[in-house]
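Predicted, not measured: the structure shown is a model, and the values here were computed from it. Side chains are part of it too, since the values below use all heavy atoms of this structure and drop only hydrogens, waters and symmetry mates.
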2 protein chains.
Amino acid sequence: MELPVAILQNTSLFRGMTEEEIRHLITCLASPVRRYGKGAFIWHAGEKVSHAGIVLSGIVDAVQYHDDGSMHLVARQTAGGVFGDLLMATDQPSPVSLQATEEAEVLFLPLDEILTDCGRRCPFHIRLRHNLLQEAADKYWQLHRRLQYLSEQSLRRRILLYLQDCRRDMGGSYFTIPYTREELAKFLGVNRSALSRELSRLQKEGIIDFHRNSFRILQ
Amino acid sequence: MELPVAILQNTSLFRGMTEEEIRHLITCLASPVRRYGKGAFIWHAGEKVSHAGIVLSGIVDAVQYHDDGSMHLVARQTAGGVFGDLLMATDQPSPVSLQATEEAEVLFLPLDEILTDCGRRCPFHIRLRHNLLQEAADKYWQLHRRLQYLSEQSLRRRILLYLQDCRRDMGGSYFTIPYTREELAKFLGVNRSALSRELSRLQKEGIIDFHRNSFRILQ
DNA sequence: TCCTTTCTGTTGCCAAAGCAACGGAAGTAT
DNA sequence: ATACTTCCGTTGCTTTGGCAACAGAAAGGA
């Protein structure tokens with residue numbers, strides 16, 4: 001297939017490279033592209049992973065199946081998203097399964113080839129490693145932030161902390177959040193109706209203003 | 001000072017290298033060693049970080065100071081521990097401060113030199129990069145696991161999930177946990193007395209057995 | 001050994017939040 | 001326009017777990 005190099009330029013791993021450099025690199029790495037049907041598993045939980053994947057099209061989810069049969073969405077990647085970067089680097093078996101929630105095309109990058117110098121001394125190889133490390137670090141701090149929300153003891157403080165972070169990230173007094181109420185409740189680890197109730201209280205008390213997904217912090 | 005290469009051999013970053021290789025590498029990287037007095041700050045929150053640090057002696061804590069003046073311990077490293085690995089890799093300013101809780105000696109490794117080939121083509125340079133990525137990934141999944149505890153809605157399930165993981169990690173029906181009650185409560189994000197109460201209930205119901213830090217899961 | 005400090009378990013009270021159920025609003029397909 | 005589905009706010013009831021205070025056990029120092 002024809003590689004959509006334009007998509008790759010906007011991925012975290014290939015950021016800052018020219019189309020030509022990316023083509024060169026993918027040749028160096030001998031990266032295969034695979035297609036997965038809707039619902040197909042890319043890796044199962046418990047396996048060891050040796051590649052990272054870049055989603056070229058479709059949706060790839062990291063999911064966790066619990067003992068009681070319930071399943072939990074850990075992360076979702078769409079076109080341009082990277083997965084497996086934090087799995088291939090560890091010796092541990094994967095705690096999550098990777099599944100194509102919609103039919104998906106994936107470009108795989110083998111860890112060994114990323115780390116090793118390919119012998120042609122491509123300078124973007126260094127850049128790739130830097131980008132990979134950055135991707136891992138960014139994901140770490142993202143998780144760290146979520147952990148801070150869950151560490152707040154009161155629902156009110158969870159909400160306010162989250163909204164303040166949102167405002168800071170998006171800059172501007174009005175901002176929108178990327179979740180439905182149900183999703184936000186799950187993200188903050190609380191009951192949906194309790195979340196709605198507390199949001200209403202905050203609005204009554206003049207601390208925030210909101211409608212649906214649009215929010216504003218008043219004080 | 002004389003570098004304690006023996007300590008370094010047991011660190012995650014230099015794992016799998018001979019003493020000689022480590023010496024060579026440290027020369028390559030031109031890694032400085034610094035000493036910090038008790039309470040001294042290594043980095044302040046908000047700064048950008050360009051080095052990782054290996055603790056040679058003493059204690060280095062990653063802490064977070066809240067608006068209300070309270071402070072929160074995020075991570076602690078003692079001799080052989082690595083910090084800053086996940087800070088230097090991101091463009092974001094550091095969300096935590098690094099502080100020497102006890103007088104400490106630290107070996108610093110500059111990110112640029114880790115990523116770049118030093119020109120002498122040392123093969124352990126590759127190994128170092130691999131170890132660094134692995135360290136980052138391991139820390140990520142550790143955080144992920146903690147997040148799973150906090151995502152459990154009931155105290156009972158948090159406790160059981162944690163204890164089951166402990167048993168799995170330590171292998172054997174009896175196991176000990178590395179926290180006091182107070183610390184465990186904070187780790188699981190619950191009130192200490194509520195934790196004690198639930199532990200007692202679990203014991204009364206014959207689900208677990210414990211005394212102080214020694215635990216056993218009965219069913 | 002004795003004193004002091006820290007750690008742990010226990011209990012009563014109460015507020016915060018989970019749960020379930022309902023109804024209206026918004027969005028989508030026919 | 002209508003029917004249907006999803007999303008959101010509201011409310012009453014109930015439970016969980018936070019909080020405070022106390023007492024006994026363990027640990028550490030003089």
Side-chain angles (χ1 to χ4, degrees), chain A residues 66 68 70 72-73 76 101-102 146 148-163 166 174-216 218, chain B residues 66 68 70 72-73 76 101-102 146 148-163 166 174-216 218:
Chain A
H66 261 107
D68 60 8
S70 67
H72 176 63
L73 177 65
R76 162 162 293 184
T101 300
E102 298 294 339
R146 173 144 182 241
Q148 295 203 281
Y149 304 144
L150 294 192
S151 297
E152 289 292 336
Q153 65 282 48
S154 84
L155 177 45
R156 168 166 296 216
R157 292 181 55 171
R158 277 188 205 191
I159 294 172
L160 286 177
L161 188 59
Y162 171 73
L163 289 179
C166 276
Y174 288 92
F175 56 95
T176 59
I177 62 171
Y179 297 120
T180 68
R181 284 289 177 281
E182 188 78 43
E183 288 167 340
L184 179 60
K186 193 161 248 181
F187 181 77
L188 295 179
V190 299
N191 179 275
R192 184 195 61 82
S193 69
L195 172 61
S196 272
R197 173 167 48 201
E198 192 61 32
L199 282 172
S200 295
R201 275 189 206 144
L202 285 165
Q203 193 165 40
K204 277 200 194 78
E205 297 177 28
I207 297 173
I208 67 172
D209 190 22
F210 72 95
H211 178 70
R212 292 278 186 165
N213 285 352
S214 307
F215 284 81
R216 193 156 60 108
L218 298 174
Chain B
H66 260 107
D68 60 9
S70 66
H72 176 63
L73 176 66
R76 160 162 295 184
T101 299
E102 299 292 341
R146 172 139 184 247
Q148 294 203 285
Y149 303 144
L150 294 193
S151 297
E152 290 292 336
Q153 64 282 44
S154 84
L155 177 44
R156 168 166 296 218
R157 292 180 56 170
R158 278 189 204 191
I159 294 171
L160 286 176
L161 188 57
Y162 171 73
L163 289 179
C166 275
Y174 287 92
F175 55 94
T176 59
I177 63 172
Y179 297 120
T180 67
R181 285 287 178 283
E182 188 77 45
E183 289 167 339
L184 179 60
K186 193 160 246 180
F187 181 77
L188 295 179
V190 299
N191 180 276
R192 183 195 61 83
S193 68
L195 171 61
S196 273
R197 172 168 48 202
E198 192 63 32
L199 282 172
S200 295
R201 275 190 206 144
L202 285 165
Q203 193 166 39
K204 276 201 196 77
E205 297 178 26
I207 298 172
I208 67 172
D209 190 21
F210 72 97
H211 178 71
R212 293 275 183 165
N213 286 351
S214 308
F215 285 80
R216 194 154 61 108
L218 298 174

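Put simply, the side chain of B:Arg192 and the base of C:dG9 share a donor and an acceptor less than 3.5 Å apart.
Between the CG atom of A:Leu195 and the P atom of C:dA17 there is a distance of 11 Å, given to the nearest Å. Rounded to whole Å, atom C1' of C:dC7 lies 13 Å from atom CG of B:Leu184. Look at CG on B:Leu199: it is 14 Å from C1' on C:dC7, rounded to the nearest Å. Summarising the geometry, the separation between CD1 on A:Ile159 and C1' on C:dA16 is reported as 12 Å, rounded to the nearest angstrom. Summarising the geometry, the separation between CD on A:Glu152 and C1' on C:dA17 is reported as 16 Å, rounded to the nearest angstrom. One interatomic measurement links the two molecules: CZ of B:Arg201 to C1' of D:dG17, which rounds to 9 Å at whole-angstrom precision. To the nearest angstrom, C1' of D:dA27 lies 17 Å from CD of B:Glu182. Atom CG of B:Leu155 is separated from atom C1' of C:dA17 by 14 Å (rounded to the nearest Å).
Nearest-nucleotide assignment on DNA chain D puts the 5′-proximal partner with A:Arg212, out of A:Gln153 and A:Arg212. Between A:Gly189 and B:Arg197, the one whose closest nucleotide on DNA chain C sits nearer the 5' end is B:Arg197. Toward the 5′ end of DNA chain C lies the nearest nucleotide of B:Ser200, the other residue of the pair A:His211 and B:Ser200 mapping further downstream.
Within the 4.0 Å cut-off from OP1 or OP2 of C:dG9, at least one side-chain nitrogen or oxygen of B:Arg181 is found. The phosphate of C:dT6 has neither OP1 nor OP2 within less than 4.0 Å of any side-chain N or O from B:Thr180. Distances shorter than 4.0 Å separate none of the side-chain N or O atoms of A:Asn191 from OP1 or OP2 on C:dA17.
For A:Ser196, taking side-chain heavy atoms from C-beta onward, the closest of the listed nucleotides D:dG18, C:dA17, D:dC8 is D:dC8.
Residue A:Tyr179 is out of contact with every strand shown, counting any heavy-atom pair closer than 4.0 Å. The residue B:Ser193 sits close to a base: some heavy atom pair falls under 4.0 Å.
Here the side chain of B:Arg157 pairs no donor or acceptor atom with the backbone of B:Glu152 at under 3.5 angstrom. Between the side chain of A:Arg181 and the backbone N or O of A:Arg212, at least one donor-acceptor pair lies under 3.5 Å. A donor-acceptor distance shorter than 3.5 angstrom exists from the side chain of B:Gln203 to the backbone of B:Phe210, with no hydrogens or angles considered. Side chain of A:Arg156 to main chain of A:Glu198: no donor-acceptor pair is present (N/O by atom type, distance under 3.5 Å, no hydrogens or angles).
Looking at A:Tyr149 and A:Arg158, their side chains never bring a donor and an acceptor atom within 3.5 Å of each other.
The neighbour count for A:Glu183 CD, taken as heavy atoms of other residues, nucleotides or ligands under 6.0 Å away, is above 12. Few gaps surround CD on B:Gln153; more than 12 heavy atoms of other groups in view lie less than 6.0 Å from it.
End-to-end axis angle of the helix from C:dT1-D:dA30 to C:dT30-D:dA1, using five pairs per end and rounding to 10°, comes to 50°.
The two residues B:Asn213 and B:Tyr179 come nearest to each other via the heavy atoms OD1-O, 3.2 Å.
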